[in-house]
Amino acid sequence: MNTIGIIPARLNSTRLPRKALLDIHGLPMCIHVYRRALMSPALNSVVIATDSEEIMSVAQYHGANAQMTRDDHRTPTSRMAEVIEKGDAEVIVQINGDEPMLRPEHIDVSVETLVKSGADATVLARQFTKRNSPSDFKLVLNNHNDVMYVSRSDIPVQGDMLKAYHVMSFTRFMLHKFIKLYKTPMEKQEGHELLRLLEHGYQVRAAQVDSNAISVDVPEDLEYVRKEISKDPLFAKYK
């Protein structure tokens, strides 16, 4: 299958301004994500999708494949759908541009889970212990590892919570269907697109992986990532 990894990146993030271009040991955050994604054998191509001329310029300076998209997109999936309009990708992997500790092998897990499960979409999950952190999305899974709910709130469970690790895979057909669905009440309440699929009755399969990756949303996240990446052997391969 032709599989593309798309990194939606916008400049005007609300909680951490200009975070796609924030410096992490000499490289912008989105370039960390891009270079790590390139290491995944599951992907035939990787592209940074943005509506920012500045991000586009930075991406090109660092040799990254980037594409300008319209500035009216309100969700990452909508931006990705524009990217694949003229291509022939069969599987699309959304790799959030604020996941600079992404592991290439976890992209492989995401794609494999989508293909083998026959689900409408997949998302990665990792164990998480931090409490009272509304910038982190927590997952509730059923006994088959299908997502039942996504929340910013702490979800009462036995043991550790499960955090959404934002590598999500879709078939081309499902992505086009996704962006035509109307926004649902819980999606508006929690601010996570996967709830739209769940509320419309679609199946989202989660794959649990061992990871210390976090989405960078607040200054504390950025400091954590800077500390962890400095001792990450993967960083030495692409810096």
Side-chain angles (χ1 to χ4, degrees), residues 4-24 27-38 43 45-87 89 92-102 107 110 121 123-124 134-137 150 152 163-170 175-176 178-181 183 187-188 190-197 213-226 229:
I4 184 173
I6 301 179
I7 304 168
R10 61 192 182 94
L11 200 58
N12 298 321
S13 51
T14 53
R15 288 187 295 273
L16 196 58
R18 299 174 59 81
K19 71 176 178 179
L21 297 181
L22 290 175
D23 180 83
I24 302 174
L27 289 175
M29 185 184 308
C30 63
I31 299 302
H32 281 274
V33 179
Y34 179 83
R35 291 184 178 178
R36 286 168 175 253
L38 283 180
L43 300 178
S45 59
V46 180
V47 60
I48 295 174
T50 185
D51 59 6
S52 164
E53 293 282 0
E54 187 174 356
I55 290 178
M56 185 73 178
S57 177
V58 169
Q60 291 176 331
Y61 174 81
H62 287 282
N65 180 25
Q67 179 175 325
M68 284 293 295
T69 58
R70 302 191 313 271
D71 62 4
D72 60 347
H73 294 295
R74 295 294 174 263
T75 62
T77 48
S78 175
R79 195 178 304 280
M80 293 196 306
E82 180 185 348
V83 172
I84 67 167
E85 280 178 359
K86 297 179 180 180
I92 300 90
V93 185
Q94 176 182 330
I95 307 164
N96 281 14
D98 59 2
E99 291 275 3
M101 294 173 64
L102 167 78
I107 297 175
S110 178
V123 62
L124 297 182
S135 63
D136 295 298
F137 286 102
V150 184
R152 293 181 180 273
K163 180 188 179 302
Y165 173 2
H166 287 100
V167 177
M168 297 177 283
S169 295
F170 309 86
L175 182 60
H176 282 304
F178 191 172
I179 63 172
K180 295 176 183 177
L181 299 173
K183 282 196 171 184
E187 177 190 10
K188 295 176 183 178
E190 299 283 3
H192 201 291
E193 282 189 282
L194 285 184
L195 286 165
R196 190 188 319 173
L197 287 182
I214 63 168
S215 306
V216 177
D217 290 303
V218 294
E220 293 81 3
D221 295 337
L222 182 61
E223 291 309 309
Y224 168 81
V225 164
R226 283 173 172 163
I229 282 184

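A quick note: this is a predicted structure, and the numbers were derived from the prediction, not measured.
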Between Lys19 and Asp217, is the salt bridge (Lys or Arg N to Asp or Glu O under 4.0 Å) condition met? List the steps. CA-CA 8 Å; Lys19 71 176 178 179; Asp217 290 303; 3.0 Å; yes
Are Val150 and Glu190 close enough, and set up right, to give a side-chain contact (heavy atoms from CB on, under 4.5 Å), and what steps lead you there? CA-CA 7 Å; Val150 184; Glu190 299 283 3; 5.9 Å; no
Report the C-alpha separation of Ile84 and Ile6 in whole Å, then their side-chain angles, then the decisive distance to 0.1 Å, and conclude whether the side-chain contact (heavy atoms from CB on, under 4.5 Å) test is met. CA-CA 9 Å; Ile84 67 167; Ile6 301 179; 3.8 Å; yes
Intermediate values then yes/no, side-chain contact (heavy atoms from CB on, under 4.5 Å), Ile48 and Ile31: CA-CA 9 Å; Ile48 295 174; Ile31 299 302; 4.2 Å; yes
Please report the C-alpha distance between Ile24 and Leu222 in whole Å, then the side-chain angles of each, then the deciding distance to 0.1 Å, and finally whether the side-chain contact (heavy atoms from CB on, under 4.5 Å) criterion is met. CA-CA 8 Å; Ile24 302 174; Leu222 182 61; 4.1 Å; yes
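When all heavy atoms of Pro76 and Gln94 are compared, the pair lying nearest together is CB-NE2, 3.5 Å. Val93 and Ser169 make their closest contact through CG2-OG, 3.5 Å (heavy atoms, listed as atom of the first residue, atom of the second, distance). Ala37 and Leu43 get closest at one heavy-atom pair: O-CD1, 3.7 Å. Heavy atoms only, all atoms of each residue included: Leu11 and Ser52 are closest at CD2-OG, 3.8 Å. Considering every non-hydrogen atom in both Ile4 and Ala89, the closest pair reads CG2-CB, 3.4 Å. Shortest non-hydrogen contact noted between Ser110 and Met168 is OG-C, 4.1 Å.
For the side-chain hydrogen bond (donor to acceptor under 3.5 Å, both in side chains) test, no residue two or more places apart in sequence or in another chain qualifies with Glu220. His73 is linked by a ring pair (Phe, Tyr, Trp, His ring centres under 6.0 Å) to nothing, counting only residues two or more places apart in sequence or in another chain. Under the salt bridge (Lys or Arg N to Asp or Glu O under 4.0 Å) criterion, Asp221 pairs with no residue at all, not counting sequence neighbours. Under the side-chain hydrogen bond (donor to acceptor under 3.5 Å, both in side chains) criterion, Arg152 pairs with no residue, sequence neighbours left out. Every residue two or more places apart in sequence or in another chain was checked for a side-chain hydrogen bond (donor to acceptor under 3.5 Å, both in side chains) with Arg35, and none qualifies. Listed by chain and number, the residues in a side-chain hydrogen bond (donor to acceptor under 3.5 Å, both in side chains) with Gln67 amount to none (sequence neighbours excluded).
Expressed to the nearest 0.5 Å, how far CD1 of Ile214 lies from NZ of Lys163 amounts to 7.0 Å. Between atom NE2 of residue His176 and atom CE of residue Met80 there is a gap of 10.5 Å, rounded to the nearest 0.5 Å. Note that CZ of Arg18 is 12.0 Å distant from CG of Asp23, once rounded to the nearest 0.5 Å. Between atom CD of residue Glu193 and atom OG of residue Ser78 there is a gap of 8.0 Å, rounded to the nearest 0.5 Å. Distance check: Leu16 CG to Ser215 OG gives 12.0 Å after rounding to the nearest 0.5 Å. Between His32 atom NE2 and Ile7 atom CD1 the span is 12.5 Å, to the nearest 0.5 Å.
The closest donor-acceptor contact from the side chain of Glu82 to the backbone of Arg70 lies under 3.5 Å. Proximity of a side-chain donor or acceptor of His192 to a complementary backbone N or O of Leu194 within less than 3.5 Å is detected. The closest donor-acceptor contact from the side chain of Thr50 to the backbone of Ala9 lies under 3.5 Å. A distance-only check finds a donor-acceptor pair linking the side chain of Tyr34 to the backbone of Asn65 [under 3.5 Å].
For the pair Glu99 and Val167, the minimum side-chain heavy-atom distance is 4.5 Å or more. Met29 places none of its side-chain heavy atoms less than 4.5 Å from the side chain of Val225.
Ring orientation note: the planes of Phe170 and Phe178 are tilted relative to one another, at an angle of 30° to 60°.
Checking each of Arg10, Arg79, Arg74 against Asp51 for a salt bridge (charged side-chain N to carboxylate O under 4.0 Å, His left out) leaves exactly one that passes, namely Arg79.
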